[in-house]
Colleague: 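Take a look at this one; I'll ask things after.
Chain naming here is simple, since letters A, B, ... match the order of the sequence lines and numbering starts at 1 in each. Since the structure is predicted, the reported quantities are computational estimates derived from the model, not experimental observations.
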There are 2 protein chains.
Amino acid sequence: MFESAEIGHAIDDDTYEAALPSLREALLEAQIDLHEQAKRQIIVLINGIEGAGKGETVKLLSEWMDPRLIEVRTFDQQTDEELAHPPVWRYWRQLPAKGRMGIFFGNWYSQMLQGRVHGQYKDAVLDQAISGAERLEKMLCDEGALIFKFWFHLSKKQMKLRLKTLKDDPLHSWRISPLDWQQSKTYDKFVRFGERVLRRTSRDYAPWHVIEGVDANYRSLTVGRLLLEGMQAALNKVEPESSALTIGPLAIHNNERTLLDSLDLSLHLSKEDYQHELIAEQARLSGNLRDKRMKSHALVAVFEGNDAAGKGGAIRRVAAALDPRQYAIVPIAAPTQDERAQPYLWRFWRQIPARGKFTIFDRSWYGRVLVERVEGFCSESDWKRAYAEINDFEEQLTEAGVVVVKFWLAIDEQTQLERFQEREKIPFKRYKITEDDWRNRKKWPDYRQAVGDMVDRTSTEIAPWTLIEANDKRWARVKVLRTINEALEKAFARDKKK
Amino acid sequence: MFESAEIGHAIDDDTYEAALPSLREALLEAQIDLHEQAKRQIIVLINGIEGAGKGETVKLLSEWMDPRLIEVRTFDQQTDEELAHPPVWRYWRQLPAKGRMGIFFGNWYSQMLQGRVHGQYKDAVLDQAISGAERLEKMLCDEGALIFKFWFHLSKKQMKLRLKTLKDDPLHSWRISPLDWQQSKTYDKFVRFGERVLRRTSRDYAPWHVIEGVDANYRSLTVGRLLLEGMQAALNKVEPESSALTIGPLAIHNNERTLLDSLDLSLHLSKEDYQHELIAEQARLSGNLRDKRMKSHALVAVFEGNDAAGKGGAIRRVAAALDPRQYAIVPIAAPTQDERAQPYLWRFWRQIPARGKFTIFDRSWYGRVLVERVEGFCSESDWKRAYAEINDFEEQLTEAGVVVVKFWLAIDEQTQLERFQEREKIPFKRYKITEDDWRNRKKWPDYRQAVGDMVDRTSTEIAPWTLIEANDKRWARVKVLRTINEALEKAFARDKKK
């Protein structure tokens, strides 16, 4: 994989100087056009051997293009806020907005390589990291991002020579970090695992480019030209490429019985049983969240359901059990301008709780496969690929110890009608009922199908859906609380086994 | 100040239960109306004696109102990211958006009181913190925020009783933190300094409310009613109150000579001197930013100037000296939707560099007293109070070790005309010239006056303006770099003296 990057590629100064002006102009133009279009963020990953010109190249790119549209990010030590969140959170928070360029030094690849080279784990864990990176990049590209991955290479001999030269140069000796010296000892391992990573993560939508780092003219022009080519190609595509052609059909629904039909909506609780059980479950939740084992977890509860199914009331009963300093409630409405300038999941990543905390989502990322699907706010390929993206997202949460609980509050059409009419009568609840609600109601069968597909495809062993029979509000509230408690206690029990 | 909060206010259960439903309904309605209006954020500060019902009251508020529009924030230990920024940064990052409510536990008041009670500093420093809080709150209110400040009080005897009761109650003993016990020892000091703080920071726009904490019915109803009254009053005002009536005139300009006239725009550098000096200053800057003393500072450079004065070119020459990992360039354009839902300075606080880092603002918070003033994008009272707000903002930066350098790049009208015409000719620079530029040009005298006022009122000893003669780009670029270097070296020298 690295062979052709050890053969001494070089470009002489005259050729370089001659090629530069038009390249710079074209790069700048492409950058500005992409900025005006504001449909894609450009993500440039910089990896490879120390001393192979990574820093110099990034510096050149900032000179050639408009540096005001470029963000250079380094990911060294994690901050304590980053350590309290799933590992990938730090990258999400630094994503450039659409139209801008983010250059990521020390990205997910350096993190996985360092861990493997220093023996913190074996190939199996490296492979997990690799497939995580693959899925992340696929999702970003599907959302319009343009990803360039550059691996700067030097042969072992060249690297040693380079470090020696730098050391002897008083003007540049500061450039060599302890890391560089360390790498000279681990070169063989670094290259071996690097090959594995490159092989597994070079994909059509985000291929690796191996750049021979010895000759500055060669590496600069090569990187510049690759960037230009990619940016121009992206500009010439009117829409971000869609994988629509390769999207398979969902299960066929011939009006057959779905999970929702199998719910017994007559389930209910008497007032006395409710009072009793509600208080018991609230005390249990309060205890669970104060449990010291909670320190290695976070809790995410997702509330979806039919309009007027009682999401708000159920959320209030959950919150009532708790110290308001422990939880946050995030109501999800139409995305803001800043949120639209990012991949779909970005706004949810922003709200993921730190360890020990609890976030309640009143509607959620499932909007994509519910309202956005039914109302046509996104393309078919967007919502069809969302199932897998959401499963990946939730896997990243649960792997970091986040307990994910998801509720669909189900009522029947008649109950909804009664509640709508009741809301219209009470002045104080009138804000809860809008034209939209009446309109949505007409799409009942569409939503029913969307919910069925959603549960089929995203109810997983790590983050199962719980369908709540919500015709009786009391029954629903107690079941919600009990489900959260059981999920937390199951997570605590698993901790013990480890 | 606390006397009337030690006389045993109480409300019996029947009265409480009778008053509650209409209070809750009215609170909810006011909350929803303010949310729909989306013109003000509601900030509730919770302070006072431990055990006086702070937590319980906040919990009630979340139950009474729609908790989805409420964010409860605690400010305990600073995270390492917070420690790397000016102290007030942690509050700015947690401000609720307009239309939402933020309840701040452990806010700026608790921070200043803890420090004083535990003898970390004397009254003089406390008074500085007090006046900082006052200015912050005044600015937030002027920007539309609604601030409620509640001090929950208990007499010493009552506090001890309360802690004892809690301790003996197995269901509640977990509620007592070590901090509570500590406070029982420092009660007298806490109350004495608390009085000083309350006296100095109770202002018409954000008064303190002292709440006797013994009786839960009394304190809950009182807080609820105060909130309701304040929220309703705010709703009844069509516009956030303006201090326009009390705003004095600026200096009268009778076309007299301004600072801008005193600039010698013929200053220039030969090509050879430029090459030589540019490289020298760039090397000096690169060295300064690598200096280990930089670790206790951050650097902020503000670039303002006439259109086509060469801001972009100067910024690129500064950036060219540096490792792209060290700096960020922030171009300031029209605010986004999320930014408009916050006080004016919020978007700049977000971009303030952490210690050791450098942020370049390409246009800045001075937009308020330049383009917004000239174009009428904000009211007269808004831009007139902005001078003092900006000085406060920069003081908070410099006190935290941030070096603030501000440039006005000045050219004359003829030079601007030539550069506009030149830009229109070169295809590659054409994006730089728009209709807006030609229109702005007609407002030359207005901008000239705005710049004069700006420099008069915001060129301070801690963050002076540097006017750059920019008819000659070479001269301008070298002067910019030299000014930054001198500012950094002055800051380093001051460190030594300490």
Side-chain angles (χ1 to χ4, degrees), chain A residues 24-26 28-29 32-33 35-36 55 58-63 66-74 76-77 79-82 84 97 103 105-106 171 174-175 283 287 290 312 315-316 319-320 322-331 336-341 354 360 362 427-428 431-432, chain B residues 24-26 28-29 32-33 35-36 55 58-63 66-74 77 79-82 84 97 103 105-106 171 174-175 283 287 290 312 315-316 319-320 322-331 336-341 354 360 362 427-429 431-432:
Chain A
R24 287 182 64 163
E25 192 172 320
L28 187 59
E29 205 176 334
I32 289 160
D33 288 348
H35 181 243
E36 279 176 4
V58 171
K59 197 157 173 339
L60 266 185
L61 292 178
S62 310
E63 283 172 37
D66 187 339
R68 294 171 299 181
L69 304 178
I70 300 178
E71 295 152 28
V72 178
R73 305 295 191 189
T74 46
D76 310 317
Q77 274 319 95
T79 68
D80 48 13
E81 292 179 33
E82 287 170 347
I103 302 184
F105 271 97
L171 271 173
W174 57 270
R175 283 203 178 170
R290 284 200 316 277
I315 289 173
R316 270 200 301 284
L322 307 173
D323 183 330
R325 285 168 277 200
Q326 283 182 300
Y327 66 84
I329 303 178
V330 180
T336 66
Q337 186 184 350
D338 286 350
E339 289 168 346
R340 285 194 305 271
I360 298 168
D362 183 357
F428 149 71
Y431 77 93
K432 284 181 150 187
Chain B
R24 288 181 63 162
E25 192 172 320
L28 187 59
E29 204 176 334
I32 288 160
D33 288 348
H35 181 244
E36 278 177 5
V58 172
K59 196 158 173 345
L60 268 185
L61 293 178
S62 309
E63 282 172 37
D66 188 338
R68 294 171 297 182
L69 305 177
I70 301 179
E71 294 152 25
V72 179
R73 304 294 190 189
T74 48
Q77 277 316 98
T79 67
D80 49 12
E81 292 178 33
E82 287 171 347
I103 301 184
F105 272 96
L171 271 173
W174 57 269
R175 283 206 179 168
R290 283 200 319 273
I315 288 172
R316 270 200 301 282
L322 307 173
D323 184 331
R325 285 166 278 199
Q326 283 183 300
Y327 66 84
I329 303 178
V330 180
T336 66
Q337 183 185 351
D338 286 350
E339 289 167 347
R340 286 194 306 271
I360 298 169
D362 182 358
F428 148 70
K429 285 193 168 177
Y431 77 93
K432 283 183 151 188

Colleague: On a heavy-atom basis, which atom in B/I329 and which in A/P67 lie closest, and how many Å separate them?
Modeller: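 It is CD1-CB, 3.3 Å.
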Colleague: With respect to chain B, which residue among A/R316, A/E36, A/E339 yields the maximal number of heavy-atom pairs within a distance under 4.5 Å?
Modeller: A/R316
Colleague: With a 4.5 angstrom heavy-atom cut-off, is it the side chain or the backbone of B/L61 that approaches chain A, or both, or neither?
Modeller: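 Answer is neither: B/L61 stays 4.5 Å or more from chain A.
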Colleague: Can you tell if the side chain of A/I70 reaches within under 4.5 Å of the side chain of A/I103, non-hydrogen atoms only?
Modeller: yes
Colleague: Which pair of non-hydrogen atoms, one from A/K59 and one from B/A319, has the smallest distance, and what is that distance?
Modeller: NZ-O, 4.4 Å
Colleague: A/T74 versus chain B, heavy atoms under 4.5 Å apart: side chain, backbone, both or neither?
Modeller: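 For A/T74, the contact with chain B is made by the side chain alone.
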Colleague: Select, from A/R73, A/E71, A/E81, the one with the greatest count of heavy-atom pairs under 4.5 Å involving chain B.
Modeller: A/E81
Colleague: Please report the closest heavy-atom contact between B/Q77 and B/E82, naming both atoms and the distance.
Modeller: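 Shortest heavy-atom separation between B/Q77 and B/E82 comes out as O-OE1, 4.2 Å.
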Colleague: Using non-hydrogen atoms only, which part of A/A320 is less than 4.5 Å away from chain B: side chain, backbone, both, or neither?
Modeller: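 Contact with chain B: backbone and side chain both.
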Colleague: Just give me the residue among B/I315, B/L322, B/L69 that pairs up with chain A most often, heavy atom to heavy atom, under 4.5 Å.
Modeller: B/L322
Colleague: Who wins among B/I360, B/V58, B/D80, B/D338 for the most heavy-atom pairs under 4.5 Å with chain A?
Modeller: B/D80
Colleague: What part of A/E63 gets within 4.5 angstrom of chain B, counting heavy atoms only: side chain, backbone, both, or neither?
Modeller: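 Its backbone and side chain both get close to chain B.
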Colleague: So which heavy atom on B/S62 is nearest to which on A/Y327, and how close?
Modeller: CB-OH, 3.7 Å
Colleague: Determine whether B/L28 and B/E25 make a side-chain contact, defined as any pair of heavy atoms from C-beta on separated by less than 4.5 Å.
Modeller: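 No, every pair of side-chain atoms sits at 4.5 Å or beyond.
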Colleague: So, A/Q337 side chain and B/Q337 main chain: donor-acceptor pair closer than 3.5 Å or not?
Modeller: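 Such a contact is found between A/Q337 side chain and B/Q337 backbone.
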Colleague: Side chain, backbone, both or neither: which part of B/D362 has an atom under 4.5 Å from a heavy atom of chain A?
Modeller: side chain
